[in-house]
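One structure is given here, and the rest of the page talks about it.
Here is the naming used below: chain letters follow the sequence lines, and residue numbers restart at 1 for every chain. Only a predicted model underlies this, so the values are computations on that prediction, with no experimental measurement involved. Computed from heavy atoms alone, side chains included, the values below leave out hydrogens, waters and symmetry copies.
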There are 2 protein chains.
Amino acid sequence: MNRSESERKRNRPPETATIRDVARQARVSLKTVSRVINGEASVREETRARVLQAIDTLDYRPDLSARSLRSARAYAVGLVYDNPNPYYIIAVQQGALSVCREMGFGLQIHPCDSKAPRLAEELHDLVRRSRLAGLVLAPPMSEHVALLRKLTAYDIPLVRIISAAEDPRDGFPCVFVDDRDAAYAITEHLIQLGHVRIGFLWGGKQHRSSPERYKGYEQALHDYGIKLAKELVVEGDYSFDDGFRGARRLLALPDPPTAIFGSNDEIAAGVLAAARAGGLHVPYDLSVAGFEDSPFSRHSWPSLTTARQLTEQIAQHATRLLIARLRGGDIGNEGFSPELVVRGSTAPPRPRH
Amino acid sequence: MNRSESERKRNRPPETATIRDVARQARVSLKTVSRVINGEASVREETRARVLQAIDTLDYRPDLSARSLRSARAYAVGLVYDNPNPYYIIAVQQGALSVCREMGFGLQIHPCDSKAPRLAEELHDLVRRSRLAGLVLAPPMSEHVALLRKLTAYDIPLVRIISAAEDPRDGFPCVFVDDRDAAYAITEHLIQLGHVRIGFLWGGKQHRSSPERYKGYEQALHDYGIKLAKELVVEGDYSFDDGFRGARRLLALPDPPTAIFGSNDEIAAGVLAAARAGGLHVPYDLSVAGFEDSPFSRHSWPSLTTARQLTEQIAQHATRLLIARLRGGDIGNEGFSPELVVRGSTAPPRPRH
DNA sequence: GTCAGGGATGACAACGTTGTCAATTTGCAT
DNA sequence: ATGCAAATTGACAACGTTGTCATCCCTGAC
């Protein structure tokens with residue numbers, strides 16, 4: 001029986017070494033191994049080498065449960081979202097995960113219902129139970145001020161991804177996406193093509209991005225001296241069906257729009273479908289623009305003029321910002337402006353007959 | 001100084017109660033509280049009530065790190081995938097997560113590179129460091145037998161989601177999706193509409209689903225006495241671009257197909273685009289079918305005939321199966337057969353002129 | 001040669017929970 | 001009442017790590 005003490009007693013497979021085995025092998029104390037693992041100063045180069053050698057030989061990996069149980073530091077952040085758009089969510093996950101891996105953090109995803117009555121408590125429980133260092137909040141949760149206040153009252157560090165034309169400087173750190181500016185650019189593009197009657201289909205009111213996009217549309221019309229026609233603006237949700245319905249309504253008007261700006265690509269896809277159902281040829285009979293640059297916008301026919309959001313980079317920055325703040329530093333809020341992408345769904349209006 | 005001992009010493013916020021506080025409040029031992037939390041038998045009803053009352057009063061939540069550190073049981077499973085399709089991944093996550101929540105497990109997502117050279121070691125580390133109870137593997141990882149063998153050698157419990165016409169009974173538990181059967185149904189649908197020259201566009205070879213779908217196509221042609229024309233079969237990947245290219249090639253043939261079966265909806269979307277670029281009217285000049293029932297298939301024009309996969313339910317079953325096996329039981333492998341969904345992209349062929 | 005100062009190291013307790021096993025109480029037949 | 005098995009409860013150690021603090025060793029100044 002020459003197996004080590006820890007090998008005999010463990011219920012994990014025998015090949016799993018602990019810090020204790022490493023210490024024995026390197027002939028140092030537990031604490032010294034811990035120091036090497038955590039990159040602390042005050043370890044002689046020779047000792048460090050011996051420990052690293054032992055770690056390598058034994059294929060040792062620190063146990064995250066034990067680490068987070070004992071340590072004052074935390075080793076994971078939570079990503080909180082309630083968004084029906086898989087492309088958006090996957091991009092956010094990807095961005096957050098890449099930064100977490102780089103920084104040695106874990107990531108806990110937490111899809112949830114933004115309208116749940118006890119959401120703050122739910123998130124508080126999550127943070128406590130899983131010992132999360134903080135939360136990254138995606139829209140629309142990131143825009144519920146009451147929620148933010150409650151989380152802050154619980155002392156939960158957080159960073160938001162929000163829609164705003166400028167840094168809100170309200171004390172809640174954030175990455176802000178200038179939907180207004182991008183919506184302005186899209187509307188301007190349509191105006192410069194010669195459109196005057198431009199329809200607008202709203203997205204969901206629970207997202208701050210909706211009014212922001214509307215404001216960009218409004219502002220562009222105003223700057224180019226075009227009177228906003230109320231009958232060309234239709235409320236709805238960020239969905240294909242609402243895009244379809246909204247477009248049908250607009251196209252049935254006595255003096256229908258020559259272009260329709262859907263608040264996101266799904267809505268614009270609905271517009272494309274409605275146009276086709278109505279026998280209209282896009283872009284010659286009707287120009288259509290979307291927002292988001294989802295893969296759909298590239299693969300539809302015609303491909304959609306839209307605004308490209310660097311969602312993955314936005315999530316990366318948010319995560320980096322959170323981790324920096326946890327460490328006492330602060331790399332500052334940052335703004336992103338989606339970029340106009342012109343494709344085949346927009347063209348000059350057909351001359352009036 | 002009348003704060004409890006554990007309140008004074010802790011670095012977590014003071015309102016966070018531990019099992020010790022609950023025990024004191026309920027005037028029982030730590031162990032009894034533990035028993036109540038874990039729903040063990042042998043606790044008197046009156047005692048249980050007192051403990052639950054104390055838990056409620058103190059708003060106590062068990063700490064997952066401590067729990068998983070101490071316990072022989074594990075409390076989280078990993079979800080491993082490398083799949084570019086966000087709709088698929090979100091559905092798998094959703095399914096796995098719903099079962100995990102129901103069973104009191106955590107979920108650790110692990111997107112990775114299926115072609116990474118040391119993938120087995122990477123997953124082994126993940127399991128050890130995060131003390132995962134087991135892994136749910138999505139395609140294509142779930143189909144690398146060498147990987148499965150290595151993971152099994154590491155004693156990592158796993159459940160696969162794979163493409164197969166029947167239970168492989170190879171010792172690795174799984175949920176199997178009968179792509180072959182569904183591809184047969186789609187091909188049969190096209191044949192019954194009157195098509196004889198039916199093109200087939202392959203998906204990526206690293207996915208088992210690709211040959212399975214091809215076999216279904218092949219079998220249906222055979223059963224209906226149609227000779228398989230090699231020039232109508234094109235290799236490629238599960239992508240829009242390969243669908244576009246493949247369709248272009250097929251449509252340029254001297255005797256082009258009257259229907260094209262794309263191995264997934266993305267490919268089919270590429271076919272739609274190629275048809276349009278070639279001035280063909282779908283479905284009158286060309287029928288198109290996809291596979292997967294992604295939202296795109298509903299929103300394209302015309303909407304796609306496809307096969308509906310109950311991805312979320314498949315993931316749920318896989319997760320349930322894993323957890324059942326961890327507990328020593330076994331609820332058995334299960335098969336799912338995607339269901340034919342007929343939409344606007346398929347119609348009888350135009351009569352030859 | 002002694003001593004201060006700082007770098008390197010280690011002993012030990014603690015994080016919050018559950019597993020083991022022994023002690024106590026209960027219920028029930030005698 | 002009494003005895004005995006079963007139900008209930010608790011004391012204590014342990015999981016694998018890091019924080020605190022003490023000790024040791026070395027260097028260089030006196």
In whole Å, I'd like the distance from the [atom1] atom of [X] to the [atom2] atom of [N].
{"X": "R24(B)", "N": "dT9(D)", "atom1": "CZ", "atom2": "P", "value": "20 Å"}
{"X": "R20(A)", "N": "dA14(D)", "atom1": "CZ", "atom2": "P", "value": "10 Å"}
{"X": "D63(A)", "N": "dA14(D)", "atom1": "CG", "atom2": "C1'", "value": "14 Å"}
{"X": "R128(B)", "N": "dG16(D)", "atom1": "CZ", "atom2": "C1'", "value": "13 Å"}
{"X": "D21(B)", "N": "dC15(C)", "atom1": "CG", "atom2": "C1'", "value": "14 Å"}
{"X": "R27(A)", "N": "dG10(C)", "atom1": "CZ", "atom2": "P", "value": "11 Å"}

Rounded to the nearest 0.5 Å, how far apart are [atom1] of [X] and [atom2] of [Y]?
{"X": "L137(A)", "Y": "D82(A)", "atom1": "CG", "atom2": "CG", "result": "12.0 Å"}
{"X": "L147(B)", "Y": "S142(B)", "atom1": "CG", "atom2": "OG", "result": "9.5 Å"}
{"X": "L151(B)", "Y": "R149(B)", "atom1": "CG", "atom2": "CZ", "result": "12.0 Å"}

| query | Using a heavy-atom distance cut-off of less than 4.0 Å, which residues of residues 43-57 of chain A contact DNA chain D? | reply |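 By residue number: none to list.
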| task | To the nearest 10°, let me know how far the axis at one end of the helix from dG1(C)-dC30(D) to dT30(C)-dA1(D) is tilted from the axis at the other, five pairs an end. | result |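 So the angle between the two local helix axes works out to 50°.
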Could you check whether any side-chain heavy atom of [X] comes within less than 4.5 Å of a side-chain heavy atom of [Y], counting everything from C-beta outward?
{"X": "H124(A)", "Y": "I156(A)", "value": "yes"}
{"X": "Y81(A)", "Y": "I109(A)", "value": "yes"}
{"X": "D63(B)", "Y": "T18(B)", "value": "no"}
{"X": "L326(A)", "Y": "R73(A)", "value": "no"}

| said: When you measure from the side chain of S130(A) to the backbone of L132(A), do you find a donor-acceptor pair of N or O atoms at a distance under 3.5 Å? | reply: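 Not a single qualifying donor-acceptor pair exists.
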| query | For dG10(D), does either OP1 or OP2 sit under 4.0 Å from a side-chain N or O belonging to S29(B)? | reply |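 Yes, such a contact exists.
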| request: Grab the two heavy atoms, one from H317(A) and one from V175(A), that are nearest each other, plus how far apart they are. | output: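 H317(A) and V175(A) have their closest heavy atoms at CD2-CG2, 3.5 Å.
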| query | Can you name the nearest heavy-atom pair linking A54(A) to Q25(A), along with the distance? | reply |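 Distance-wise, the nearest heavy atoms are CB-CG, 3.5 Å.
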| Are side-chain N/O atoms of S98(A) and Q94(A) paired as donor and acceptor at under 3.5 Å? |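 Their side chains do not contain a donor-acceptor pair, so the 3.5 Å distance test is not met.
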| note | The contact string for nucleotides 18-23 of chain C, one letter per nucleotide 5' to 3', using protein heavy atoms under 4.0 Å with B, S and - for base, sugar-phosphate only and none, comes out as BBB---
